[in-house]
Protein chains: 2
Amino acid sequence: MTSTPERARRGAPPRTAFLLAQVGAEAADRFAERVAALGLTPREAGAIRVLGRRQGLSQRELAEQLGTVPSRLVALVDELEAKGFVVRERSEGDRRNNVLTLAPDGERMLARLREVAEAHQGDVLSPLDDDEQVALAALLAKLAAASSFPPDGHPGFRR
Amino acid sequence: MTSTPERARRGAPPRTAFLLAQVGAEAADRFAERVAALGLTPREAGAIRVLGRRQGLSQRELAEQLGTVPSRLVALVDELEAKGFVVRERSEGDRRNNVLTLAPDGERMLARLREVAEAHQGDVLSPLDDDEQVALAALLAKLAAASSFPPDGHPGFRR
DNA sequence: TATTGTTATACTCTATAACTATA
DNA sequence: TATAGTTATAGAGTATAACAATA
(Lines give C-alpha, C1' and ligand atoms only; values in the text may rest on other atoms or scores of the structure.)
Protein backbone atom coordinates (compact mmCIF):
# COMPACT_ATOMS: atom_id res chain seq x y z
CA MET A 1 0.00 0.00 0.00
CA THR A 2 1.42 3.34 -0.98
CA SER A 3 0.12 5.57 1.70
CA THR A 4 2.32 8.48 2.64
CA PRO A 5 3.34 10.30 -0.55
CA GLU A 6 0.07 9.56 -2.32
CA ARG A 7 -1.37 13.03 -2.25
CA ALA A 8 1.91 14.65 -3.13
CA ARG A 9 1.86 13.05 -6.57
CA ARG A 10 -0.88 15.15 -8.02
CA GLY A 11 -1.65 18.85 -7.99
CA ALA A 12 0.51 21.70 -6.88
CA PRO A 13 3.24 21.43 -4.25
CA PRO A 14 2.31 22.50 -0.71
CA ARG A 15 3.08 26.19 -0.60
CA THR A 16 1.70 27.26 -3.95
CA ALA A 17 -1.23 29.31 -2.66
CA PHE A 18 1.15 30.98 -0.24
CA LEU A 19 3.54 31.76 -3.07
CA LEU A 20 0.70 33.19 -5.10
CA ALA A 21 -0.17 35.64 -2.33
CA GLN A 22 3.47 36.49 -1.77
CA VAL A 23 4.34 37.13 -5.40
CA GLY A 24 1.10 39.06 -5.89
CA ALA A 25 1.79 41.29 -2.89
CA GLU A 26 5.29 41.91 -4.15
CA ALA A 27 3.93 42.95 -7.54
CA ALA A 28 1.42 45.28 -5.90
CA ASP A 29 4.14 46.84 -3.77
CA ARG A 30 6.37 47.50 -6.73
CA PHE A 31 3.50 49.04 -8.66
CA ALA A 32 2.77 51.27 -5.66
CA GLU A 33 6.37 52.47 -5.73
CA ARG A 34 6.18 53.40 -9.38
CA VAL A 35 2.90 55.20 -8.85
CA ALA A 36 4.32 57.06 -5.86
CA ALA A 37 7.04 58.36 -8.16
CA LEU A 38 4.24 60.07 -10.08
CA GLY A 39 3.02 61.65 -6.85
CA LEU A 40 -0.02 59.42 -6.56
CA THR A 41 -1.26 56.90 -4.04
CA PRO A 42 -2.41 53.57 -5.51
CA ARG A 43 -5.95 54.53 -4.67
CA GLU A 44 -5.71 57.79 -6.57
CA ALA A 45 -4.26 55.92 -9.52
CA GLY A 46 -7.18 53.51 -9.38
CA ALA A 47 -9.69 56.34 -9.34
CA ILE A 48 -8.09 57.96 -12.37
CA ARG A 49 -8.12 54.64 -14.19
CA VAL A 50 -11.80 54.09 -13.52
CA LEU A 51 -12.75 57.64 -14.46
CA GLY A 52 -10.77 57.30 -17.67
CA ARG A 53 -13.01 54.47 -18.70
CA ARG A 54 -16.30 55.78 -17.37
CA GLN A 55 -16.46 59.55 -17.19
CA GLY A 56 -19.30 61.26 -15.36
CA LEU A 57 -19.62 58.82 -12.50
CA SER A 58 -21.07 60.00 -9.22
CA GLN A 59 -19.02 59.58 -6.06
CA ARG A 60 -21.30 56.77 -5.00
CA GLU A 61 -20.73 54.93 -8.25
CA LEU A 62 -16.99 55.46 -8.12
CA ALA A 63 -16.93 54.19 -4.55
CA GLU A 64 -18.65 51.03 -5.69
CA GLN A 65 -16.21 50.55 -8.55
CA LEU A 66 -13.28 50.92 -6.19
CA GLY A 67 -14.81 48.71 -3.55
CA THR A 68 -14.82 51.40 -0.87
CA VAL A 69 -17.35 53.37 1.11
CA PRO A 70 -18.67 56.77 -0.11
CA SER A 71 -17.40 58.76 2.86
CA ARG A 72 -13.83 57.79 2.02
CA LEU A 73 -14.21 59.27 -1.44
CA VAL A 74 -14.64 62.80 -0.16
CA ALA A 75 -11.00 63.26 0.81
CA LEU A 76 -9.87 61.26 -2.22
CA VAL A 77 -11.74 63.47 -4.67
CA ASP A 78 -10.67 66.57 -2.72
CA GLU A 79 -7.09 65.54 -3.32
CA LEU A 80 -7.52 64.69 -6.98
CA GLU A 81 -9.36 67.95 -7.53
CA ALA A 82 -6.64 69.94 -5.77
CA LYS A 83 -4.02 68.29 -7.95
CA GLY A 84 -5.99 69.24 -11.03
CA PHE A 85 -6.72 65.70 -12.22
CA VAL A 86 -10.44 65.52 -11.60
CA VAL A 87 -13.35 67.94 -11.98
CA ARG A 88 -16.23 67.69 -9.50
CA GLU A 89 -19.50 69.36 -10.50
CA ARG A 90 -23.05 69.28 -9.23
CA SER A 91 -25.29 67.24 -11.51
CA GLU A 92 -27.92 69.25 -13.39
CA GLY A 93 -30.42 66.42 -13.43
CA ASP A 94 -30.22 65.50 -9.77
CA ARG A 95 -28.51 68.14 -7.71
CA ARG A 96 -27.63 65.69 -4.95
CA ASN A 97 -25.10 63.99 -7.23
CA ASN A 98 -21.61 65.04 -8.10
CA VAL A 99 -20.46 64.40 -11.66
CA LEU A 100 -16.81 63.35 -11.78
CA THR A 101 -14.73 63.79 -14.92
CA LEU A 102 -11.05 63.80 -15.79
CA ALA A 103 -9.49 67.22 -16.28
CA PRO A 104 -6.95 67.58 -19.11
CA ASP A 105 -4.13 67.00 -16.61
CA GLY A 106 -5.98 63.91 -15.49
CA GLU A 107 -6.02 62.59 -19.05
CA ARG A 108 -2.31 63.19 -19.29
CA MET A 109 -1.72 61.44 -15.99
CA LEU A 110 -3.81 58.52 -17.20
CA ALA A 111 -1.55 58.18 -20.22
CA ARG A 112 1.51 58.14 -17.97
CA LEU A 113 -0.14 55.57 -15.73
CA ARG A 114 -0.60 53.31 -18.72
CA GLU A 115 3.09 53.61 -19.55
CA VAL A 116 4.00 52.91 -15.94
CA ALA A 117 1.74 49.87 -15.86
CA GLU A 118 3.36 48.51 -19.00
CA ALA A 119 6.88 49.04 -17.67
CA HIS A 120 5.86 47.52 -14.37
CA GLN A 121 4.52 44.42 -16.05
CA GLY A 122 7.66 44.02 -18.13
CA ASP A 123 9.66 44.23 -14.94
CA VAL A 124 7.54 41.81 -12.92
CA LEU A 125 7.37 39.18 -15.66
CA SER A 126 10.97 39.53 -16.84
CA PRO A 127 12.09 36.29 -15.16
CA LEU A 128 9.78 34.42 -17.55
CA ASP A 129 10.24 33.90 -21.28
CA ASP A 130 7.44 34.79 -23.68
CA ASP A 131 5.80 31.38 -23.66
CA GLU A 132 5.86 31.25 -19.89
CA GLN A 133 4.33 34.71 -19.68
CA VAL A 134 1.48 33.64 -21.91
CA ALA A 135 0.98 30.48 -19.88
CA LEU A 136 0.90 32.44 -16.62
CA ALA A 137 -1.61 34.89 -18.04
CA ALA A 138 -3.90 32.04 -19.03
CA LEU A 139 -3.71 30.38 -15.62
CA LEU A 140 -4.35 33.64 -13.77
CA ALA A 141 -7.28 34.43 -16.04
CA LYS A 142 -8.77 31.08 -15.20
CA LEU A 143 -8.39 31.72 -11.48
CA ALA A 144 -9.79 35.22 -11.81
CA ALA A 145 -12.78 34.00 -13.78
CA ALA A 146 -13.66 31.54 -11.05
CA SER A 147 -13.24 34.11 -8.31
CA SER A 148 -15.53 37.10 -8.02
CA PHE A 149 -14.06 40.42 -7.10
CA PRO A 150 -14.79 44.01 -8.12
CA PRO A 151 -13.35 44.86 -11.55
CA ASP A 152 -10.99 47.58 -10.36
CA GLY A 153 -11.01 46.88 -6.69
CA HIS A 154 -8.50 45.36 -4.40
CA PRO A 155 -5.02 44.81 -5.68
CA GLY A 156 -2.61 47.68 -5.24
CA PHE A 157 -5.37 50.18 -4.71
CA ARG A 158 -5.90 49.35 -1.12
CA ARG A 159 -3.22 51.41 0.44
CA MET B 1 5.50 47.47 -42.15
CA THR B 2 3.57 45.85 -39.37
CA SER B 3 3.64 48.50 -36.76
CA THR B 4 0.69 48.63 -34.44
CA PRO B 5 0.07 45.14 -33.09
CA GLU B 6 3.72 44.19 -33.13
CA ARG B 7 4.31 44.18 -29.42
CA ALA B 8 1.06 42.42 -28.70
CA ARG B 9 2.32 39.28 -30.39
CA ARG B 10 4.82 38.29 -27.78
CA GLY B 11 4.74 38.02 -24.02
CA ALA B 12 1.79 38.31 -21.72
CA PRO B 13 -1.38 40.26 -22.47
CA PRO B 14 -1.60 43.77 -20.97
CA ARG B 15 -3.17 43.27 -17.57
CA THR B 16 -1.28 40.20 -16.42
CA ALA B 17 0.72 41.86 -13.64
CA PHE B 18 -2.49 43.48 -12.44
CA LEU B 19 -4.21 40.11 -12.44
CA LEU B 20 -1.36 38.60 -10.48
CA ALA B 21 -1.75 41.19 -7.74
CA GLN B 22 -5.51 40.82 -7.75
CA VAL B 23 -5.58 37.04 -7.57
CA GLY B 24 -2.83 37.05 -4.97
CA ALA B 25 -4.70 39.53 -2.77
CA GLU B 26 -7.85 37.47 -3.10
CA ALA B 27 -5.97 34.36 -1.98
CA ALA B 28 -4.51 36.22 1.00
CA ASP B 29 -7.95 37.51 1.97
CA ARG B 30 -9.47 34.07 1.88
CA PHE B 31 -6.65 32.64 3.95
CA ALA B 32 -7.16 35.43 6.48
CA GLU B 33 -10.82 34.43 6.76
CA ARG B 34 -9.96 30.82 7.45
CA VAL B 35 -7.40 31.84 10.03
CA ALA B 36 -9.87 34.19 11.68
CA ALA B 37 -12.18 31.22 12.11
CA LEU B 38 -9.47 29.74 14.32
CA GLY B 39 -9.45 32.95 16.38
CA LEU B 40 -6.13 34.16 14.99
CA THR B 41 -5.01 37.18 13.04
CA PRO B 42 -2.83 36.42 10.02
CA ARG B 43 0.11 37.89 11.88
CA GLU B 44 -0.42 35.58 14.84
CA ALA B 45 -0.64 32.65 12.47
CA GLY B 46 2.61 33.74 10.88
CA ALA B 47 4.34 33.96 14.24
CA ILE B 48 3.19 30.46 15.19
CA ARG B 49 4.41 29.14 11.87
CA VAL B 50 7.86 30.67 12.30
CA LEU B 51 8.18 29.51 15.90
CA GLY B 52 7.15 26.02 14.87
CA ARG B 53 10.14 25.88 12.60
CA ARG B 54 12.65 27.71 14.78
CA GLN B 55 11.92 27.44 18.47
CA GLY B 56 13.78 29.61 20.96
CA LEU B 57 13.91 32.77 18.89
CA SER B 58 14.22 36.10 20.62
CA GLN B 59 11.62 38.75 19.94
CA ARG B 60 14.14 40.64 17.88
CA GLU B 61 14.81 37.61 15.72
CA LEU B 62 11.13 36.87 15.31
CA ALA B 63 10.48 40.47 14.33
CA GLU B 64 13.09 40.16 11.62
CA GLN B 65 11.60 36.91 10.34
CA LEU B 66 8.17 38.51 10.13
CA GLY B 67 9.47 41.69 8.59
CA THR B 68 8.23 43.94 11.36
CA VAL B 69 9.69 46.13 14.07
CA PRO B 70 10.46 44.81 17.60
CA SER B 71 8.06 47.13 19.40
CA ARG B 72 5.15 45.66 17.50
CA LEU B 73 6.01 42.21 18.77
CA VAL B 74 5.29 43.07 22.37
CA ALA B 75 1.52 43.14 21.99
CA LEU B 76 1.66 40.22 19.56
CA VAL B 77 3.54 37.99 21.99
CA ASP B 78 1.35 39.24 24.84
CA GLU B 79 -1.66 38.02 22.92
CA LEU B 80 -0.15 34.67 21.93
CA GLU B 81 0.97 34.13 25.50
CA ALA B 82 -2.47 34.98 26.89
CA LYS B 83 -4.04 32.51 24.47
CA GLY B 84 -1.63 29.85 25.67
CA PHE B 85 0.13 29.31 22.33
CA VAL B 86 3.53 30.75 23.14
CA VAL B 87 5.82 30.71 26.17
CA ARG B 88 7.99 33.75 26.84
CA GLU B 89 10.96 33.28 29.17
CA ARG B 90 14.00 35.30 30.09
CA SER B 91 17.13 33.84 28.53
CA GLU B 92 19.62 32.33 30.97
CA GLY B 93 22.65 33.23 28.91
CA ASP B 94 21.76 36.86 28.28
CA ARG B 95 19.02 38.10 30.53
CA ARG B 96 18.07 40.88 28.15
CA ASN B 97 16.65 38.37 25.67
CA ASN B 98 13.34 36.61 25.71
CA VAL B 99 13.26 33.01 24.55
CA LEU B 100 10.07 32.24 22.63
CA THR B 101 8.78 28.70 22.29
CA LEU B 102 5.52 27.07 21.32
CA ALA B 103 3.38 25.81 24.21
CA PRO B 104 1.57 22.47 23.73
CA ASP B 105 -1.55 24.37 22.64
CA GLY B 106 0.64 26.23 20.19
CA GLU B 107 1.84 22.96 18.69
CA ARG B 108 -1.76 21.84 18.32
CA MET B 109 -2.70 25.14 16.71
CA LEU B 110 0.21 24.80 14.32
CA ALA B 111 -1.12 21.41 13.23
CA ARG B 112 -4.55 22.95 12.61
CA LEU B 113 -2.94 25.79 10.69
CA ARG B 114 -1.28 23.26 8.42
CA GLU B 115 -4.64 21.63 7.73
CA VAL B 116 -6.21 25.01 7.08
CA ALA B 117 -3.42 25.95 4.69
CA GLU B 118 -3.90 22.73 2.78
CA ALA B 119 -7.66 23.17 2.54
CA HIS B 120 -7.16 26.78 1.51
CA GLN B 121 -4.80 25.83 -1.27
CA GLY B 122 -7.15 23.17 -2.55
CA ASP B 123 -9.88 25.79 -2.61
CA VAL B 124 -7.83 28.49 -4.30
CA LEU B 125 -6.42 26.21 -6.99
CA SER B 126 -9.60 24.22 -7.59
CA PRO B 127 -10.36 25.98 -10.91
CA LEU B 128 -7.17 24.40 -12.30
CA ASP B 129 -6.58 20.76 -13.14
CA ASP B 130 -3.55 18.95 -11.75
CA ASP B 131 -1.25 19.73 -14.67
CA GLU B 132 -2.20 23.38 -14.57
CA GLN B 133 -1.58 23.52 -10.83
CA VAL B 134 1.90 22.11 -11.32
CA ALA B 135 2.57 24.56 -14.13
CA LEU B 136 1.42 27.51 -12.02
CA ALA B 137 3.59 26.39 -9.12
CA ALA B 138 6.63 26.28 -11.39
CA LEU B 139 5.97 29.74 -12.82
CA LEU B 140 5.42 31.28 -9.39
CA ALA B 141 8.55 29.63 -8.06
CA LYS B 142 10.50 31.17 -10.89
CA LEU B 143 9.10 34.62 -10.13
CA ALA B 144 9.72 34.20 -6.40
CA ALA B 145 13.30 33.09 -6.99
CA ALA B 146 14.02 36.22 -8.97
CA SER B 147 12.39 38.48 -6.40
CA SER B 148 13.81 38.88 -2.92
CA PHE B 149 11.46 39.05 0.02
CA PRO B 150 11.62 37.78 3.60
CA PRO B 151 10.91 34.05 3.89
CA ASP B 152 7.79 34.37 6.00
CA GLY B 153 7.08 38.00 5.55
CA HIS B 154 4.48 39.83 3.64
CA PRO B 155 1.62 37.92 2.18
CA GLY B 156 -1.36 37.43 4.44
CA PHE B 157 0.57 38.29 7.55
CA ARG B 158 0.40 42.00 7.06
CA ARG B 159 -2.98 42.69 8.53
C1' DT C 1 -39.29 59.30 3.46
C1' DA C 2 -35.09 58.17 0.81
C1' DT C 3 -30.68 59.36 -1.12
C1' DT C 4 -26.09 62.03 -2.03
C1' DG C 5 -22.46 64.00 -0.31
C1' DT C 6 -20.32 65.71 3.86
C1' DT C 7 -18.67 65.96 8.48
C1' DA C 8 -17.63 64.28 13.21
C1' DT C 9 -16.43 60.91 16.23
C1' DA C 10 -14.20 57.12 17.88
C1' DC C 11 -11.30 53.30 17.02
C1' DT C 12 -7.49 50.65 15.22
C1' DC C 13 -2.68 50.48 13.54
C1' DT C 14 1.52 51.96 13.27
C1' DA C 15 5.96 54.26 13.74
C1' DT C 16 9.04 56.76 16.58
C1' DA C 17 11.35 57.57 20.18
C1' DA C 18 11.99 57.61 25.23
C1' DC C 19 12.85 54.47 29.06
C1' DT C 20 14.63 50.09 31.93
C1' DA C 21 17.40 46.42 32.62
C1' DT C 22 20.97 44.03 31.43
C1' DA C 23 25.52 43.54 29.27
C1' DT D 1 28.37 52.35 25.55
C1' DA D 2 25.37 49.29 23.39
C1' DT D 3 21.44 46.11 23.09
C1' DA D 4 16.58 43.68 24.19
C1' DG D 5 12.44 44.56 25.54
C1' DT D 6 8.93 47.77 26.95
C1' DT D 7 6.11 51.78 27.16
C1' DA D 8 4.27 56.38 25.65
C1' DT D 9 2.93 59.43 22.36
C1' DA D 10 1.49 61.05 18.38
C1' DG D 11 0.02 60.28 13.69
C1' DA D 12 -2.40 58.08 9.80
C1' DG D 13 -6.21 55.52 8.24
C1' DT D 14 -10.60 53.75 8.78
C1' DA D 15 -15.48 52.80 9.82
C1' DT D 16 -19.67 54.38 11.67
C1' DA D 17 -23.07 57.13 12.19
C1' DA D 18 -25.06 61.83 12.38
C1' DC D 19 -26.09 65.75 9.36
C1' DA D 20 -27.68 69.04 5.47
C1' DA D 21 -29.39 69.44 0.95
C1' DT D 22 -32.13 67.61 -2.48
C1' DA D 23 -35.45 64.54 -4.34
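Here is how names work: the chains are called A, B, and so on, in the same order as the sequence lines, proteins then strands, and each is numbered from 1. These numbers come from the heavy atoms of this one structure, side chains and all, not from hydrogens, waters or symmetry mates.
- Take B/Glu81 and apply the side-chain hydrogen bond (donor to acceptor under 3.5 Å, both in side chains) test, not counting sequence neighbours, and it matches B/Arg88.
- Atom C1' of nucleotide C/dA23 and atom CG of B/Asn97 are separated by 10 Å, given to the nearest angstrom.
- Remark: A/Ser71 engages A/Val69 in a side chain to side chain contact (heavy atoms under 4.5 Å, CB included) (not counting sequence neighbours).
- For A/Leu73 and C/dT4, the CG to P distance is 13 Å, given to the nearest whole Å.
- Under the rule for a side chain to side chain contact (heavy atoms under 4.5 Å, CB included), the partners of B/Arg108 that lie at least two apart in sequence or sit in another chain are B/Pro104, B/Asp105.
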Anything under 3.5 Å between a donor and an acceptor, one on a side chain of residues 133-145 of chain A, the other on a protein residue two or more places apart or in another chain? List them.
residue	atom	partner	partner atom	Å
A/Gln133	OE1	B/Ala12	N	3.1
A/Gln133	NE2	A/Leu125	O	3.1
A/Gln133	NE2	A/Leu128	O	3.2
A/Lys142	NZ	B/Glu132	OE1	3.1
A/Lys142	NZ	B/Glu132	OE2	2.8

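- A/Leu76 places its CG atom 17 Å from the P atom of D/dA12, with the value rounded to the nearest Å.
- Distance from the side chain of A/Val74 is smallest for C/dT7 among the nucleotides C/dT14, C/dT7, D/dA15.
- Under the side chain to side chain contact (heavy atoms under 4.5 Å, CB included) criterion, B/Glu61 pairs with B/Leu57, B/Ser58, sequence neighbours left out.
- Between B/Asn98 and D/dT6, a side-chain N or O to OP1/OP2 separation shorter than 4.0 Å is present.
- Taking atom CG of residue B/Leu66 and atom C1' of nucleotide C/dT14, one finds them 16 Å apart after rounding to whole Å.
- Per the geometry, CZ belonging to A/Arg72 stands 16 Å off C1' belonging to C/dT7, to the nearest Å.
- Annotation: cation-pi pair A/Arg34/A/Phe31 absent, no NZ/CZ under 6.0 Å from the ring centroid and within 45° of its normal.
- Taking atom CG of B/Leu57 as the reference point, atom C1' of D/dG5 lies 15 Å away to the nearest angstrom.
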Give me the distances for all protein-to-nucleotides 17-20 of chain C N/O pairs that come in under 3.5 Å?
none

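- Between B/Glu61 atom CD and D/dG5 atom C1' there is a gap of 13 Å when expressed in whole angstrom units.
- Here the C1' atom of nucleotide D/dG5 and the CD atom of B/Glu64 are 16 Å apart, to the nearest Å.
- Considering all non-hydrogen atoms of both residues, A/Gln121 and B/Pro13 come closest at NE2-O, 2.8 Å.
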For nucleotides 18-23 of chain D, read 5' to 3', which letter fits each nucleotide if B means a protein heavy atom sits under 4.0 Å from the base, S means only the sugar-phosphate is that close, and - means neither?
----BS
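- Legend: residues meeting side chain to side chain contact (heavy atoms under 4.5 Å, CB included) with B/Gln55, ordered by chain and number and at least two apart, are B/Thr101, B/Leu102, B/Glu107.
- Distances shorter than 4.0 Å separate none of the side-chain N or O atoms of B/Arg60 from OP1 or OP2 on D/dT6.
- When the side-chain hydrogen bond (donor to acceptor under 3.5 Å, both in side chains) test is applied to A/Asp130, no partner is found at least two apart in sequence or on another chain.
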